[in-house]
*Asks:* 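One structure, pasted below without further comment.
First the proteins, then the strands, lettered A, B, ... as listed; each starts at 1. Quantities reported herein were computed from a predicted structural model and do not represent experimental measurements. Excluded from the calculations below are hydrogen atoms, water molecules and symmetry mates; all remaining heavy atoms, backbone and side chain alike, are included.
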Amino acid sequence: MDDFLAARSQMALSLGFHIIYSCIGMVMPVFMAIAHYQYIKTGNVVYKNITQAWSKGVAIFFATGAVSGTMLSFELGLLWPKFMLHAGPIFGMPFSLEGVAFFIEAIALGFFLYGWNKFNKWFHWFTGVLVGVSGILSGILVVSANSWMNSPAGFNYVNGKYTNIDPMKAMFNGAWFSEALHMTIAAFAATGFAVAGIHALMIYHKQNISFHTRAFKIAIVFGAVAAILQPLSGDLSAKHAAKNQPAKLAAMEAYFETQEYAPLVIGGIPDTATKKVNYGIEIPGLLSFLVHDDFKTAVKGLDQIPVNEQPPVAITHYAFQIMVGLGMIMLAIGILYLICIWKKNNWLFKPWFLKLFIFATPLGFIALEAGWTVTEVGRQPWIIQDIMRTSEAVTPMPGIQYSFYLFTFIYFTLSVAVIVLLQRQIKMVPVVYDVK
Amino acid sequence: MLTVIILFLCLAILLYFLLGGADFGAGIIELFTSEANRQRTRSTSYQAIGPVWEANHMWLVIAVVILFVGFPNIYSVMCTYLHIPILAMLMGIIARGTAFTFRHYDAIKGYRTQTLYNSIFIYSSFLTPLFLGIIAGSALSRRIDTEATNFADAYIFCWLNGFSIAVGLFTVALCGFLAAIYLIGEADNDFDIKRFFKKAKMLNIVAFFCGGLVFLAAETSNIRMAKWIFGNPVSLIAVILASLSLVLLWVSINRGKRYIIRVFAAFQVSMILLSVGYTHYPYFITEKNGNHLSLLTDHASASTVNVLGWALVVGSLFILPALGYLFYSFRGHTDHD
Ligand code: HDD
Ligand code: HEM
Ligand code: HEM
């Protein structure tokens with residue numbers, strides 16, 4: 001494996017790992033705060049049990065999220081020193097605010113996890129809310145740093161020099177809002193479905209029904225609403241990509257030739273040699289409509305982009321299809337759930353209904369990883385769109401593949417450990433929290 | 001504003017050393033505790049650092065963010081040439097944080113898994129400060145060779161040398177010492193308090209010898225350590241104050257004072273950092289060819305420095321009181337959940 005490929009793979013691996021923990025770190029505190037609030041209001045001890053059971057899981061995820069995040073703040077420099085040399089001062093604003101947000105989050109977490117029976121109950125509750133708020137804030141901030149790489153702003157680039165740096169403009173670059181919105185909703189959708197799925201499994205096995213149904217409800221309400229909003233915000237992201245990163249949009253859609261009434265291609269196997277998509281379904285005019293709100297206007301295709309500035313078409317296209325496909329499935333399940341609470345309350349205990357949610361447990365996270373693949377691979381060969389190539393940014397140190405193998409080993413081991421630990425926590429629920 | 005961010009950088013490094021160092025030290029102490037007493041040490045240290053370790057390690061993140069936003073040149077040189085020790089330190093951080101959390105939150109406390117968590121925790125608590133010290137020692141001592149033409153010179157020998165390793169060992173000893181002092185105040189019974197007093201004395205002596213080792217290594221590798229320390233009044237006074245506080249510390253330890261010793265220990269370590277830091281200021285990295293990377297000249301553009309400064313000032317208005325209250329609330333004991 002050559003060093004450049006190893007560096008890219010290591011970055012992708014680390015981010016792909018961290019994102020799972022950070023989403024849970026953003027969303028679970030919100031769920032816990034709701035269960036906790038119910039407990040304080042109603043005095044129903046089941047809600048206290050839910051809060052505490054969740055908080056143990058969250059502590060495991062938090063530790064893993066915090067250490068993998070610390071790794072990332074060094075990895076940016078270890079792998080891409082030339083990128084950080086120029087980008088650091090420009091897109092550093094969100095990172096410095098993010099540092100502040102993380103700090104508040106870590107402090108609040110200390111209060112929350114260790115503060116049972118120690119503080120005023122509302123203060124204790126508030127520290128839990130603070131964990132969630134600062135988590136979401138830090139997520140938004142770091143995504144704003146990433147969106148700067150997609151739509152650079154806040155500096156002038158003349159003769160290889162970066163001048164007139166304005167960190168505020170860089171932070172509020174053109175893509176930040178659509179990316180941060182889409183990402184935050186995704187975090188809620190993915191975590192909501194995953195948590196709901198696990199509790200659905202327990203209901204299905206008829207264990208601690210009153211505990212698990214309440215937990216299920218809190219999670220799925222967020223999951224369902226987020227899944228319904230997701231395609232709308234995705235449309236916003238796509239319009240944005242079309243304007244700022246036509247190469248990415250074209251790769252996502254495997255759209256080779258610029259044309260009027262541009263078709264939307266669903267599925268299919270893109271063939272870059274013949275510039276055709278085999279076995280795909282084409283809906284004429286739909287791509288034009290999605291991008292320009294009008295069926296006729298031409299959409300820029302890959303033929304207008306120099307070959308050495310085109311991203312890998314197949315990966316981007318497949319990843320995009322996976323994300324959208326799963327998004328549609330989640331949308332359908334979300335709507336079904338709303339119908340259930342509206343009209344069909346008895347569905348909640350029907351095996352087919354529970355099985356549906358068990359099946360949907362990993363979907364959100366798969367979509368999330370696929371979505372990031374679209375964003376990051378679709379930006380290639382650029383690390384900063386149209387300014388710096390990824391290959392110019394990579395560290396001069398040879399032997400990166402060994403570091404990649406090491407990271408793979410560590411993240412693999414950690415993933416297994418986290419899964420085993422969670423399983424054990426869930427297994428102990430009847431022992432610790434059995435409320436008759 | 002440049003002064004502000006330099007101050008925050010120093011503050012973050014100092015606090016990471018004191019607070020994060022005491023966290024690592026808890027594991028180091030476990031390493032030097034007899035099998036029979038390990039469980040006791042473990043439960044005291046869990047009570048003491050459980051609520052605060054995640055916040056403590058944020059100081060490192062803050063320092064890194066200040067470096068890459070405010071001093072990108074320094075950050076990228078360090079990351080390039082000290083890639084390997086930084087990687088080793090990161091491995092330590094990841095292994096340590098997760099093992100510490102997992103061993104508490106494993107719902108089934110099996111003997112074999114607990115033993116595994118413990119040994120990961122102990123060894124990574126040793127390795128992380130070792131490499132932190134190595135990184136610091138290498139950055140300051142003209143080891144980084146940006147003109148090297150082969151792999152070993154560029155990426156290995158800049159940190160794999162007697163001096164850097166001696167600094168690493170010194171760091172480890174200081175962390176252990178800080179932890180012992182901290183745990184004295186956190187332990188809830190006389191037996192443990194006595195044990196930690198003993199450990200504190202022992203580690204103080206070890207630290208003293210490791211300090212000597214640093215001098216020795218400096219002598220043999222042509223680093224003018226004596227000039228660093230004695231060559232300017234501020235460093236000299238800092239060293240004298242550190243020695244004086246050492247005396248006070250021992251007197252207080254012998255009188256069994258549990259909390260005031262924290263002040264002396266923290267003061268002593270701060271003075272050591274001050275004395276080394278001051279002789280080098282404003283240089284953060286001194287390369288083999290004599291080039292310096294300076295905090296005063298190798299910084300980002302003024303607009304970046306400005307917003308970074310404001311972010312830090314405003315952020316610290318929230319962080320510092322909250323952090324203080326966290327430590328205050330969990331002093332002494334923690335209730336187990
Ligand atoms: C639960 C996960 C999830 C789901 C169901 C969807 N997405 Fe998504 N998508 C993400 C999770 C995600 C993400 C991982 O969070 C990304 C990566 C970067 C970002 O901001 O969000 C993303 C990126 C992303 C991008 C690239 C933005 C860019 O790089 O500029 C587009 C165009 C879409 N999405 C569009 C959609 C559409 C039309 C969906 C319709 C159902 C959809 N997404 C569902
Ligand atoms: C889209 C990508 C990312 C999102 C949404 C995200 C979000 C988060 C969140 C919510 C947390 C706190 C929750 C937890 O600890 O589990 C976290 C932790 C952390 N992240 Fe990320 N992050 C992302 C990428 C990054 C990157 C690229 C870096 C480094 C430059 C980074 C650095 C960190 C650090 C240092 C922590 C630890 C904070 C602590 O100790 O509490 N993250 N991230
Ligand atoms: C957490 C969600 C994220 C995931 C899953 C992710 C995924 C990826 C992937 C797959 C690549 C490799 C692309 C390739 O080389 O083909 C990559 C590269 C990279 N990403 Fe992300 N990314 C995420 C968020 C971020 C954020 C928030 C930042 C920084 C602010 C970031 C910075 C980078 C950098 C610097 C590279 C290397 C250069 C490049 O390949 O363009 N990423 N990421």
*Asks:* Counting heavy-atom pairs under 4.5 Å with chain B, which one of A/V100, A/L78, A/L421, A/I107 comes out on top?
*Replies:*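 Winner by heavy-atom pair count: A/L78.
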*Asks:* For the interface with chain A, which of B/N73, B/I74, B/L323 has the highest count of heavy-atom pairs at distances below 4.5 Å?
*Replies:*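 Answer, by heavy-atom pair count under 4.5 Å with chain A: B/L323.
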*Asks:* For chain A, which of B/F102, B/F318, B/F151 has the most heavy-atom pairs under 4.5 Å?
*Replies:*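 Result: the option with the highest number of such pairs is B/F102.
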*Asks:* Can you tell me which portion of B/V64 sits under 4.5 Å from chain A's heavy atoms? Options are side chain, backbone, both or neither.
*Replies:*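 For B/V64, the side chain is the part near chain A, not the backbone.
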*Asks:* With only heavy atoms counted, which part of A/I60 is less than 4.5 Å from chain B, the side chain, the backbone, both or neither?
*Replies:*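 It is both, since atoms from each part get that close.
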*Asks:* Enumerate, atom names and distances included, each donor-acceptor pair closer than 3.5 Å involving a side-chain atom of residues 124-133 of chain A, sequence neighbours excluded.
*Replies:*
residue, atom, partner, partner atom, Å
A/H124, NE2, A/F112, O, 2.8
A/W125, NE1, A/A33, O, 2.8
A/T127, OG1, A/H124, O, 2.6

*Asks:* Within a radius of less than 6.0 Å around OH of B/Y123, do more than 12 heavy atoms belonging to other residues, nucleotides or ligands occur?
*Replies:*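 No, the 6.0 Å shell around OH holds no more than 12 heavy atoms from other groups.
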*Asks:* Side chain, backbone, both or neither: which part of B/F100 has a heavy atom under 4.5 Å from chain A?
*Replies:*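 For B/F100, neither part sits under 4.5 Å from chain A.
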*Asks:* Within a reach of under 6.0 Å around NZ of A/K169, are more than 12 heavy atoms found that belong to other residues, nucleotides or ligands?
*Replies:*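 For A/K169, atom NZ is not crowded (no more than 12 foreign heavy atoms under 6.0 Å).
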*Asks:* Quickly, which of A/W54, A/W116, A/W122 forms a ring pair (Phe, Tyr, Trp, His ring centres under 6.0 Å) with A/H36? Name it, please.
*Replies:*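 Checked A/W54, A/W116, A/W122 against A/H36; only one passes ring pair (Phe, Tyr, Trp, His ring centres under 6.0 Å): A/W116.
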*Asks:* Heavy-atom pairs under 4.5 Å with chain A - which of B/I319, B/L308, B/T101 has more of them than the others?
*Replies:*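 Looking at each of B/I319, B/L308, B/T101 in turn, B/I319 comes out on top.
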*Asks:* A/F103 and B/W59: aromatic ring centres closer than 6.0 Å?
*Replies:*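 Judged by ring-centre distance (under 6.0 Å), A/F103 and B/W59 do meet the cut-off.
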*Asks:* Chain A heavy atoms under 4.5 Å from B/S316: which part of the residue, side chain, backbone, both or neither?
*Replies:*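 For B/S316, no heavy atom lies under 4.5 Å from chain A.
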*Asks:* So what's closer than 4.5 Å to chain B heavy atoms on A/L109: side chain, backbone, both or neither?
*Replies:*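 Answer is side chain: those atoms of A/L109 sit under 4.5 Å from chain B.
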*Asks:* So which of A/H86, A/M93, A/Q423, A/M168 has the biggest tally of heavy-atom pairs under 4.5 Å with chain B?
*Replies:*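 Most heavy-atom pairs under 4.5 Å with chain B: A/M93.
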*Asks:* With sequence neighbours excluded, give me every salt bridge (charged side-chain N to carboxylate O under 4.0 Å, His left out) pair touching residues 3-12 of chain B.
*Replies:*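 Found none.
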*Asks:* Assess, by modelled atom type and distance only, whether the side chains of A/S14 and A/E75 contain a donor and an acceptor separated by less than 3.5 Å.
*Replies:*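 Yes, A/E75 and A/S14 have a side-chain donor paired with an acceptor closer than 3.5 Å.
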*Asks:* Angle class for the A/F123/A/F111 ring planes (parallel below 30°, perpendicular above 60°, tilted otherwise)?
*Replies:*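 Rings of A/F123 and A/F111: perpendicular, over 60°.
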*Asks:* So for B/V69, is it side chain, backbone, both, or neither that comes closer than 4.5 Å to the heavy atoms of chain A?
*Replies:*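 Contact with chain A: backbone and side chain both.
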*Asks:* Heavy atoms only, distances under 4.5 angstrom: which of A/V420, A/I426, A/D166, A/I410 has the most pairs with chain B? Name it, please.
*Replies:*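 The residue among A/V420, A/I426, A/D166, A/I410 with the greatest pair count is A/I410.
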*Asks:* Need one label for A/Y402: side chain, backbone, both or neither, based on atoms under 4.5 Å from any heavy atom in chain B.
*Replies:*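 For A/Y402, there is no contact with chain B at all, as no heavy atom is under 4.5 Å.
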*Asks:* Could you go through A/F17 and A/Y21, starting from their C-alpha distance and side-chain angles, then the distance that decides it, and tell me whether this counts as ring-ring contact (aromatic ring centres under 6.0 Å, His included)?
*Replies:* CA-CA 7 Å; A/F17 183 84; A/Y21 296 85; 4.7 Å; yes
*Asks:* Among A/T395, A/I165, A/V418, which has the most heavy-atom pairs under 4.5 Å with chain B?
*Replies:*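 Answer, by heavy-atom pair count under 4.5 Å with chain B: A/I165.
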*Asks:* Checking an interface table here. Which of residues 82-97 of chain B come within a heavy-atom distance under 4.5 Å of chain A?
*Replies:*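 So far as heavy atoms go, B/H83, B/I84, B/I86, B/L87, B/M89, B/L90, B/M91, B/I93, B/I94, B/G97 are the residues that approach chain A to under 4.5 Å.
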*Asks:* Measure distances from A/Y162 to the heavy atoms of chain B and classify the residue's part below 4.5 Å as side chain, backbone, both or neither.
*Replies:*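 Neither part, no heavy atoms under 4.5 Å.
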*Asks:* Let me know which of A/F155, A/W148, A/W176 forms a ring pair (Phe, Tyr, Trp, His ring centres under 6.0 Å) with A/F91.
*Replies:*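 For A/F91, the ring pair (Phe, Tyr, Trp, His ring centres under 6.0 Å) test succeeds with only one of A/F155, A/W148, A/W176, which is A/W148.
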*Asks:* Enumerate the residue pairs fulfilling salt bridge (charged side-chain N to carboxylate O under 4.0 Å, His left out) with a member in residues 57-71 of chain A, sequence neighbours excluded, ordered by first and then second residue.
*Replies:*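 As it turns out, there is no salt bridge (charged side-chain N to carboxylate O under 4.0 Å, His left out) pair with a partner in residues 57-71 of chain A once direct neighbours are skipped.
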*Asks:* With heavy-atom distances below 4.5 Å as the criterion, would you say the side chains of B/F71 and B/V77 are in contact?
*Replies:*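 Contact flag for B/F71/B/V77 side chains = no.
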*Asks:* Taking atom types as modelled, is there a side-chain donor on B/D106 or B/Y117 under 3.5 Å from an acceptor on the other?
*Replies:*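 Distance-only check passes for B/D106 and B/Y117.
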